[in-house]
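First up is the structure itself, then whatever we jot down about it.
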Number of protein chains: 2
Amino acid sequence: MTSTKTPHPSRKSARSGSSQIDVARLAGVSQAAVSRAFTPGASVSDETRAKVMAAVDELGYRPNVIARSLVQKSTNIIGLVLRRFTTPFYAHMLQKFTRALQERGYWTLIFNIEQGDELDNALPAALQYQVDGLIITSATLSSHQADEFARAETPVVLFNRYVSDGHTHLVSCDHYEGGRMAADALLDTGHQRLAYIAGEEESSTNRDREIGFLGRLKERGYELALRESAGDYSYKKGYAAAQRLLERASPPDAVFCADDVIAMATMDFARYKLNLNIPEDLSVVGFDDIPSAARPNYELTTVRQPFNRLVDSTIDVLVEAIGAPGASVIEKKVSPSLTWRQSVRKND
Amino acid sequence: MTSTKTPHPSRKSARSGSSQIDVARLAGVSQAAVSRAFTPGASVSDETRAKVMAAVDELGYRPNVIARSLVQKSTNIIGLVLRRFTTPFYAHMLQKFTRALQERGYWTLIFNIEQGDELDNALPAALQYQVDGLIITSATLSSHQADEFARAETPVVLFNRYVSDGHTHLVSCDHYEGGRMAADALLDTGHQRLAYIAGEEESSTNRDREIGFLGRLKERGYELALRESAGDYSYKKGYAAAQRLLERASPPDAVFCADDVIAMATMDFARYKLNLNIPEDLSVVGFDDIPSAARPNYELTTVRQPFNRLVDSTIDVLVEAIGAPGASVIEKKVSPSLTWRQSVRKND
DNA sequence: TAGACGCATGAATACGTATTCAATTCTACA
DNA sequence: TGTAGAATTGAATACGTATTCATGCGTCTA
């Protein structure tokens, strides 16, 4: 045997500090022992564990989660696909998601898909990063895309979309039912000339809310008097849509807005540009019940999406799917409720 | 023996689809060839690359980034430590950060540190996940913590903190200068009785803004008449602070608020509860220039933090530090500017 | 006291990739 | 046509960890 054994003087490992091998050497044990000292259920004597931990402290060793992920085939990372960061509803969602996931031992990897085609970019990336699961908001999967995740056995939950393809888990607020609630709220209080301001036309949430609203109107023998579209869920677009709507010859006496931000914009335009009083001259109903809807200058009556329940359910579904791969598809629909405040006139 | 040896017929790799070895086998080449086919600069003939890609398509193979990260010692993941998700300023920051990082080929791993001690949780996790770099907002590193990152050669940039310890990169808006601008704005327009409403007392941004404001007042022979503290940057706390401030016996004629949200709350309280006119009866200056500050019902005059420049600079610094480890510490201060709107009375 | 059994341990291996190294083929030029 | 040099290739190795397997040891029971 030609000894020499590739000397490689003090290589000291380039970047990630020290490894379990370094710790093992210093502690006078095997690398396996070091690994076991960090593995909860493993079989290690208190003595070697103590030796290991002493060496760990001396070297400032930290486990390399990437290496662990490679062998365990689990990263403890959840991918979160998101498109509307600055909208209050989604900002709160993001906050809740990251917090709740952390409490369950997961970290959140963000995929921003605001630009047009970025979903096609994000999904492969999520797969390549071996995320343990994926939450998709404001987007839908093609069946081909769903297949790819199925093949990788990576569970996906669609958040606030309801396009039952029988392939992807779904957790959504019942926007359709929410639209119906808005209709009832306005009809029960005696309004006659109803309008709807749409948000993003392509989004299924917007569509479901509108369908529910119109359907309920028809059921009760009414029909929609006026319709405007903001185009997206921004304040600015909402404000412009409100202007187009309210400056018509015969304006509505009540308007249901696709979300709270549009509703707030509508109230602002009505009050500051038209000097209308709310709710005396115009009733407004929103959707979401974001925190600012409760501000004293809005006091918005709105359809409440049950925030925490939506997020918790989504994570429940995802975690369960991670634990039991191949189980059947879960579809959960969460009911909204109506939060009564001061933006609807009661003139029965 | 009773056991049937648990045959495990076609193991087929449990989770992550197929590997380069599978591709190699199918294409009739070596695993190294497959790797090279995916490595931009590598030496592969067009012929083998074609064979590889054909096999890739057939198997639906995707590179495992985790494995790659292990050998390359680089994950292309940036950690982002964040505390205030729902505050408009930080919601926009998050949006910009994820977008800009993606454009440079990085993905964002979120560390939510809203609970008290979670920074101590997040930092080790970031190190264990081998992030290529870390951006920390609304928090500061202890020198011990900074040392840990230095040892791991993981660059850290503190965002909007200015605590020069000579150890961590820093990118910040000049909040001190911003406070001075607010003072000048109010004094130049002839206000006499000035007040300040603080945000989160412990935050360095709040402190710097106040020190700048007070310092400039003193320089010009004035002093602060009244001070209130919201306690944090929420609308609710701001509203309550405004109430305490404005219901005093001799209220101010102008108030500088630690951020736009507090300023908006102040305006709302003044108008809806006290029937004051703004700016005739009370002038208000905010800080940040978030989009909603421009809404027609606020038209808030405010100190603008140069949003895009802050984010871009932060990423520039981080990327440069990743490319040149061991280089000297970078500290970049970005100047704010004043956005004039309608919430300040001009009575010179 | 012998045997059975559980616990601790280290050597070896696997995870999926990039990269070094040596060997081979190809190209071009004289 | 021969050869230097470039281009291509596969075998081997490394990255840092978890885990299997066989072994050694001590303890308990009969």
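The figures that follow rest on heavy atoms only: side chains count, while hydrogens, waters and symmetry mates do not.
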Expressed in angstrom and rounded to an integer, what is the separation of [X] atom [atom1] from [N] atom [atom2]?
| X | N | atom1 | atom2 | value |
| --- | --- | --- | --- | --- |
| A/Ile66 | C/dA18 | CD1 | P | 14 Å |
| B/Ile21 | C/dA14 | CD1 | P | 10 Å |
| B/Arg68 | C/dT19 | CZ | C1' | 14 Å |
| B/Leu70 | D/dT17 | CG | C1' | 8 Å |
| A/Asn64 | C/dC15 | CG | P | 18 Å |
| B/Gln130 | D/dT17 | CD | P | 8 Å |
| B/Arg25 | C/dG16 | CZ | P | 12 Å |
| A/Gln31 | C/dA12 | CD | C1' | 11 Å |

According to the salt bridge (charged side-chain N to carboxylate O under 4.0 Å, His left out) rule, which pairs have a member within residues 107-126 of chain B, sequence neighbours left out?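 The answer is A/Arg99-B/Glu114, A/Arg99-B/Glu118.
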[X] side-chain N/O to [N] phosphate OP1/OP2 under 4.0 Å:
| X | N | result |
| --- | --- | --- |
| A/Gln20 | D/dA18 | yes |
| B/Lys73 | D/dG16 | yes |
| B/Tyr61 | C/dT17 | yes |
| B/Ser30 | D/dG10 | yes |

Would you say A/Leu318 and A/His169 make side-chain contact, with heavy atoms under 4.5 Å? no
A/Asp22 side chain reached by A/Leu26 side chain, heavy atoms, under 4.5 Å: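 No, side chains not in contact.
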Quick one: list whatever passes side chain to side chain donor-acceptor pair (under 3.5 Å) with A/Thr75, sequence neighbours left out.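 Listed in chain order: A/Asp132.
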Going by side chain to side chain donor-acceptor pair (under 3.5 Å), name the residues that satisfy it together with B/Glu148, two or more places apart in sequence or in a different chain.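 A/Arg62, B/His144.
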Classify the side chain of B/Gln72 versus the base of D/dA14 as yes if they form a donor-acceptor pair under 3.5 Å and no if they do not. no
B/Arg36 (side chain) and D/dG10 (base): donor-acceptor pair under 3.5 Å: yes
Please identify each residue that fulfils salt bridge (Lys or Arg N to Asp or Glu O under 4.0 Å) with B/Arg49, with sequence neighbours left out. none
So the ring-ring contact (aromatic ring centres under 6.0 Å, His included) pairs with at least one residue in residues 47-81 of chain B (sequence neighbours excluded) are B/Phe38-B/Tyr61
For [X], which contact category applies under a 4.0 Å heavy-atom criterion: base, sugar-phosphate, or nothing?
| X | value |
| --- | --- |
| B/Ala33 | sugar-phosphate |
| A/Val65 | nothing |
| B/Val34 | nothing |

Ignoring hydrogens and angles, write down the donor-acceptor pairs under 3.5 Å from the side chains of residues 307-314 of chain B, residues two or more places apart or on other chains.
unit_1	atom_1	unit_2	atom_2	d
B/Asn308	OD1	B/Lys96	NZ	3.0
B/Ser313	OG	B/Arg309	O	2.8
B/Thr314	OG1	B/Leu310	O	2.7

Axis-to-axis angle between the two ends of the helix from C/dT1-D/dA30 to C/dA30-D/dT1 (five base pairs per end, rounded to 10 degrees):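 Between the first-five-pair axis and the last-five-pair axis there is 40°.
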Below 3.5 Å between N/O atoms, which protein atoms pair up with nucleotides 5-8 of chain C? Just atom names and distances, please.
unit_1	atom_1	unit_2	atom_2	d
C/dA8	OP2	A/Ser43	OG	3.0

Name all pairs fulfilling the side chain to side chain donor-acceptor pair (under 3.5 Å) condition that reach into residues 32-47 of chain B, sequence neighbours left out, sorted by first residue then second. B/Ser45-B/Thr48
Measure from the side chain of A/Ala32, starting at C-beta and using heavy atoms only, and say which of C/dG10, D/dC15, D/dG10 lies closest. C/dG10
Please figure out whether B/Ala67 or A/Phe38 has its closest DNA chain D nucleotide nearer the 5' end.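 The residue whose closest nucleotide sits nearer the 5' end is B/Ala67.
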Over 60° means perpendicular and under 30° means parallel, so tell me whether A/Trp107 and B/Phe111 are parallel, tilted or perpendicular. tilted
